[in-house]
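This report concerns only the one structure given below.
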Amino acid sequence: MIETKDLKKNFNDLQVLKGISETIYKGEVVCIIGPSGGGKSTLLRCLNFLETPDEGEIFIDGRPLAASASKDEARIRENRLHFGLVFQNFNLFPQYTALENVMLAPSLLKKDAPKNLEAQAKALLDQVGLSSKLNNYPHQLSGGQQQRVAIARALALSPQVLCFDEPTSALDPELTGEVLRV
């Protein structure tokens, strides 16, 4: 499903990714464990092209993703469609309801008719246990609820790969259990 070959990323003189080569098969669940500042988030950001790798290759289902497309916004957006990324700090848009947050990306990409996108978003929010919170804004939701909206939002584009960047680190134990059950 995912293959990286000799992925490298530097920030000035700091070498963060030092030649990551890994093969992850469809259906596998993989955890990246390491110290703070060890490059875990950078690796996920490179896979999703939020950061551009300095060297190396990324393949999805055997197809290369163009790291050299770092200046081509259309190509970057196309590459990102393979990945859903859930951040540790949720990154919900505060001016949108839970439903609108989940619908935003598919709407912008004109993935389907608005009526169908709304039905899909409602189904995803129901799947994560938030059907009663569709019209709530992020500030009206607990941390665990916000993270579940973020998970539904990541699923809304039907990505091939779903990445979680410390999705429970900002949550208390009860909310952590809530997110992990989802």
Side-chain angles (χ1 to χ4, degrees), residues 1-5 7-12 14-60 65 67 70 76-94 96 98 101-102 104-106 108-109 121 124-125 127-130 138-139 141-182:
M1 178 57 90
I2 304 172
E3 183 178 7
T4 62
K5 289 185 180 178
L7 213 58
K8 296 179 182 176
K9 177 67 180 174
N10 300 321
F11 293 102
N12 298 316
L14 179 63
Q15 189 179 22
V16 178
L17 301 182
K18 303 172 183 179
I20 305 294
S21 295
E22 185 64 45
T23 300
I24 301 170
Y25 297 94
K26 187 173 185 166
E28 269 190 315
V29 175
V30 176
C31 295
I32 302 166
I33 300 170
S36 181
K40 303 176 301 290
S41 295
T42 298
L43 175 59
L44 292 178
R45 292 176 63 82
C46 284
L47 289 175
N48 198 40
F49 289 90
L50 292 171
E51 294 286 347
T52 304
D54 295 323
E55 294 180 39
E57 298 175 278
I58 302 168
F59 299 86
I60 295 293
L65 298 185
S70 62
I76 290 171
R77 281 192 301 277
E78 181 183 316
N79 285 344
R80 284 184 185 147
L81 291 176
H82 297 284
F83 295 91
L85 183 54
V86 179
F87 299 93
Q88 65 183 5
N89 57 353
F90 323 131
N91 288 351
L92 298 177
F93 293 102
Y96 296 129
N101 263 282
V102 175
L104 184 61
L108 292 173
L109 294 171
L124 286 168
L125 286 166
Q127 187 178 339
V128 297
L130 292 175
H139 75 275
L141 302 170
S142 71
Q145 290 169 334
Q146 288 181 55
Q147 191 62 294
R148 288 186 283 151
V149 171
I151 292 168
R153 182 182 59 187
L155 292 170
L157 291 175
S158 302
Q160 291 175 281
V161 177
L162 191 55
C163 299
F164 293 88
D165 189 0
E166 298 190 42
T168 61
S169 66
L171 304 176
D172 64 38
E174 183 179 328
L175 295 178
T176 295
E178 187 178 300
V179 170
L180 293 176
R181 280 188 293 279
V182 169

Would you check if the side chain of [X] reaches a backbone N or O of [Y] as a donor-acceptor pair within less than 3.5 Å?
X: N101; Y: L92; answer: no
X: T4; Y: I58; answer: no
X: K40; Y: P35; answer: yes

* To do: Go through the steps for L157 and L109 under the test side-chain contact (heavy atoms from CB on, under 4.5 Å), then give the verdict.
  => CA-CA 9 Å; L157 291 175; L109 294 171; 3.9 Å; yes
Determine whether more than 12 heavy atoms belonging to other residues, nucleotides or ligands lie under 6.0 Å from atom [atom1] of [X].
X: F164; atom1: CZ; result: yes
X: F93; atom1: CZ; result: no
X: Y25; atom1: OH; result: no

Closest heavy-atom pair and its distance - [X], [Y]:
X: L17; Y: C46; result: CD1-SG, 4.0 Å
X: L125; Y: A152; result: CD2-CB, 4.1 Å
X: P159; Y: G84; result: CB-N, 3.3 Å
X: P138; Y: P94; result: CD-O, 3.8 Å
X: R153; Y: F90; result: NH2-O, 2.9 Å
X: V86; Y: A150; result: CG2-O, 4.0 Å

* **Interatomic distance, L7 atom CG to K18 atom NZ [nearest 0.5 angstrom]** =>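 Output value for this atom pair is 14.0 Å.
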* Asked: What is the distance from atom NZ of K8 to atom CD1 of I20, rounded to the nearest 0.5 Å?
  ->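 Output value for this atom pair is 10.5 Å.
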Do [X] and [Y] come close enough that some side-chain heavy atom pair is under 4.5 Å?
X: K9; Y: Q15; value: no
X: L124; Y: I151; value: no
X: I24; Y: M1; value: no
X: N10; Y: V16; value: no
X: E51; Y: F11; value: yes
X: V161; Y: C163; value: yes
X: F83; Y: I2; value: yes
X: F87; Y: Q147; value: no

* To do: Start with the C-alpha distance between I60 and Q160, add both sets of side-chain angles, then the distance that settles side-chain contact (heavy atoms from CB on, under 4.5 Å), and finish with yes or no.
  => CA-CA 9 Å; I60 295 293; Q160 291 175 281; 3.4 Å; yes
